[in-house]
2 protein chains.
Amino acid sequence: MSIVRKISESAVHRLSLYLRILEDLESEQRETVSSEEMSGRSATTAAQVRKDLSLFGSFGKRGWGYDVADLAGRLRKILGLDRQWRVALVGAGRIGSALVEYGGFGERGYDVVAIFDSDASKVGEKWGGLRVRDIGEFEEVASEQSVEIVILAIPVEAVPSVMEHVDRAGVRGILNFAPTKLKVPEGVAVKDVNMVMELEALSFALSQEDGER
Amino acid sequence: MSIVRKISESAVHRLSLYLRILEDLESEQRETVSSEEMSGRSATTAAQVRKDLSLFGSFGKRGWGYDVADLAGRLRKILGLDRQWRVALVGAGRIGSALVEYGGFGERGYDVVAIFDSDASKVGEKWGGLRVRDIGEFEEVASEQSVEIVILAIPVEAVPSVMEHVDRAGVRGILNFAPTKLKVPEGVAVKDVNMVMELEALSFALSQEDGER
DNA sequence: GCCGCCTTGTGAAAATCTTCACAATATTAG
DNA sequence: CTAATATTGTGAAGATTTTCACAAGGCGGC
Ligand SMILES: NC(=O)c1ccc[n+]([C@@H]2O[C@H](COP(=O)([O-])OP(=O)(O)OC[C@H]3O[C@@H](n4cnc5c(N)ncnc54)[C@H](O)[C@@H]3O)[C@@H](O)[C@H]2O)c1
Ligand SMILES: NC(=O)c1ccc[n+]([C@@H]2O[C@H](COP(=O)([O-])OP(=O)(O)OC[C@H]3O[C@@H](n4cnc5c(N)ncnc54)[C@H](O)[C@@H]3O)[C@@H](O)[C@H]2O)c1
C-alpha cells in the first residue's frame, strides 16, 4: 500500500525545525498552533508548513489549527524518533568527545552504545560509562550491540580502512564529519556534517555583498 | 557593472565541494580535469558542474578541460578564500574547544582572533595563544580586532543576551551551533550547523526504508 | 590547412519546489 | 439553526533548479 513519495532534503529539514518549534510551544503550555504561527517562528510561509505536513497526512482541524502535542508526536514518528537508535562513535577525538558528552542526542533517542578508536593510548579509557574499544573489534561489537548508525569522527586518511569494518558490520546509516565523500554499499544512508563548508558559504555571502558595492 | 545573480544555497555548497576535489587533484599532481571527472568525484553530473561554474565565468578550454590550479584559485576567490577573515569564538565549551584546536579553519583563512565566555572559571585561561575573555568585553575587543565573523557555540538560553553584544559590535556573519533561529539585524548573514537535524534526517531515511518493506 | 576528436558553455526542456488562492469545513456567537 | 469567522488542505500557477543535447571551439595528427 505505502505510496513511495520522494520527500526532498529540505522538506525533511523543515520537519525537524517544526518539531523543535512544537517542543518550544509545548513548554509554553500551548495547546494549539496555526500554520501561520509556525511559519512566523521558522523561516518559511504558512503555505509551506501546510504543504509539508500534508505530505504525510492531514493533522489539523480547519478553523482551529493543529494540536501541539499531537502534531509533535506525529512528527517524531515521521522522523523515526518514536524508537531508540543504537549508535556507535568511531573516533574518540575532539569532535567525538564533544558529541559524547553532549546530552542532546540521548534525549532524542540516539543511544551511543560503543566507542572506537585506533590510538592505543585512548583504547581502554572510560568515556561516560563506556570503554573505548579498539577499531579492530568493530564488527564483533557492532553486531553484538545491534548498531545501526555510526558517527564517523576520524581524519580523512583513516576513512578507507575504517569503512571496511563499517561496511562489513551491516550498518544502515552514517553521520560523517570527515570532509570526504564516503563510498558506501547500496542502501546505506550517509549525512555529512561539514563546518568548513558552512563557513565558506558565509564568506561567499559576505564577499558577494562586498562585490556589489 | 556587477550583475546581481542569485546563487542558490546548493550551488554554493557544490562550489565548496569542487574546491575540495581540486585540492585533492592538486596533491595528485594533476594538471587538468574535465567536468566529467569532477562529477565522478562528487555526487553530481558533468552538466551540473559546468552550469555551476558558468554562473561565474568560463574557466575551461573546449576539448581540454579545466586547469586544476587555475580553477582552484578562481573558486577560492569566488568563495572569499583569497583573504583572511577575522573570527571570534563565543562559547569556550566542548564544541568551541574542538573548533579552536582544529587546524582546518586557519588553513582556509579563518583566523580566530578572540575567544569569549561568561564562565568566570574559564575567563583568563590560555587557549592556543589566546586568552579567554569575558563576554562583557565583546564589543570593545571585537571592534578593536575588526572581527567580521562570530562562531556561536553557546547554550540556547544564552543566545538572547549574547546576541545583544554581537549585534552592537557590527559583526557581518555568524556560524551558529545553538539549535535556535537567530534574530539578526538586516544584512547579517547566518549559517546554522545543526547536528541533531542531520541525525534526524538519517533516522527519517532509515524509517522510510523500514516502512516501505 | 584540414579532419577528427574531445570537452566546454549554454539555450531549451524537464523536473522539482514554492507560492497562491480558494473551496471545504470546524467552531463559536447569536 | 444560521451567520460570521478562522484556518486547513490542495489543485494550479509560478519560480527555480537540474538535465539534456548540441553548436562552438581548441588541439593534435597528418
Ligand atoms: N575538530 C573540529 O572542529 C573539526 C571541524 C571540521 C571537521 N572536522 C573533521 O572531523 C574529523 C575528526 O576531527 P577531530 O578534530 O575530532 O580529530 P582528532 O584528531 O581530534 O580525532 C580523531 C580521532 O580519530 C582516531 N583515529 C584515527 N585513525 C583511526 C582509525 N583508523 N580508527 C579509529 N579511530 C581512528 C584518532 O586516534 C583520534 O582520536 C576529521 O575528519 C576532521 O577533519 C573536525
Ligand atoms: N557538543 C555537541 O556535540 C553539540 C551538538 C549539537 C549542538 N550543540 C550545541 O552547541 C552549543 C554549544 O554546545 P557545547 O556542547 O559546546 O556546550 P558547553 O556547555 O560545553 O559550552 C558552552 C559554553 O558557553 C559558555 N556560555 C554560557 N553562557 C554564555 C554567555 N552568556 N556568554 C558567553 N559564553 C557563555 C559556557 O560557559 C560554556 O563554556 C549548544 O547550543 C549546543 O546545543 C552541541
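Numbered from 1 within each chain, the chains take letters A, B, ... in sequence-line order.
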Mind checking the CG-CD1 spacing from B:Leu202 to A:Ile149? Nearest 0.5 Å is all I need.
-> 4.5 Å
May I ask you to decide if B:Leu199's main-chain N or O and A:Trp85's side chain share a donor-acceptor pair within less than 3.5 Å?
-> no
Name all residues meeting the side chain to side chain donor-acceptor pair (under 3.5 Å) criterion together with B:Asp111; count only those two or more places apart in sequence or in a different chain, and write none if there are none.
-> B:Gln84
Matching residue for B:Arg30 among B:Asp24, B:Leu22, B:Leu25 - test: side-chain contact (heavy atoms from CB on, under 4.5 Å) = B:Leu25
With sequence neighbours left out, what residues match A:Ala142 under side-chain contact (heavy atoms from CB on, under 4.5 Å)?
-> A:Phe138, A:Val147, A:Ala169
In Å and rounded to the nearest 0.5 Å, what is the OG to CZ distance from B:Ser42 to B:Arg20?
-> 12.0 Å
What residues form a side-chain contact (heavy atoms from CB on, under 4.5 Å) with A:Ala201, not counting sequence neighbours?
-> B:Val12, B:Lys191
Identify every side-chain donor-acceptor pair in residues 63-71 of chain B under 3.5 Å, counting partners at least two apart or on other chains, and give the distances.
from    : atom 1 : to      : atom 2 : distance (Å)
B:Asp67 : OD1    : B:Ala69 : N      : 3.2
B:Asp67 : OD1    : B:Asp70 : N      : 2.8
B:Asp70 : OD1    : B:Arg74 : NE     : 3.4
B:Asp70 : OD2    : B:Arg74 : NE     : 3.0

Listed partners of B:Glu198 passing salt bridge (Lys or Arg N to Asp or Glu O under 4.0 Å), at least two apart = none
For DNA chain D, which nucleotides open and close the run of contacts to chain A, 5' to 3', at under 4.0 angstrom from a non-hydrogen atom?
-> D:dA6 to D:dA12
Tell me, which of residues 21-47 of chain B have any heavy atom that sits under 4.0 Å from an atom in DNA chain D?
-> B:Thr45, B:Ala47
Over how many whole Å does the gap from B:Lys51 atom NZ to C:dA14 atom C1' extend?
-> 12 Å
Where each residue is assigned the nucleotide of DNA chain C containing its nearest heavy atom, which of A:Ala11 and A:Arg50 is assigned the position nearer the 5′ end?
-> A:Ala11
Whole-Å distance separating the CD atom of B:Gln48 from the C1' atom of C:dT8 = 15 Å
Separation of B:Arg74 atom CZ from C:dT8 atom P, in whole Å?
-> 15 Å
Separation of C:dT18 atom P from A:His13 atom NE2, nearest Å, is 13 Å
Looking at five pairs on each end of the helix from C:dG1-D:dC30 to C:dG30-D:dC1, what is the angle between the two axes, given to 10 degrees?
-> 10°
Write down the distance between CG (B:Leu53) and C1' (C:dT7), rounded to a whole number of angstrom.
-> 13 Å
Using side-chain contact (heavy atoms from CB on, under 4.5 Å) as the criterion, list what pairs up with A:Arg14, not counting sequence neighbours.
-> A:Ser10, A:Ala11, A:Tyr18, A:Thr44, A:Gln48, A:Asp52
Which pairs with one or both residues in residues 154-167 of chain B pass side-chain hydrogen bond (donor to acceptor under 3.5 Å, both in side chains), sequence neighbours excluded?
-> B:Glu139-B:His165
Ordered by number, residues from residues 61-72 of chain A within less than 4.0 Å of DNA chain D (heavy atoms) are A:Lys61, A:Arg62, A:Gly63, A:Trp64, A:Gly65, A:Tyr66
Hey, does B:Val196 have a side-chain heavy atom less than 4.5 Å from the side chain of B:Glu200?
-> yes
A:Glu101: salt bridge (Lys or Arg N to Asp or Glu O under 4.0 Å) partners, not counting sequence neighbours = none
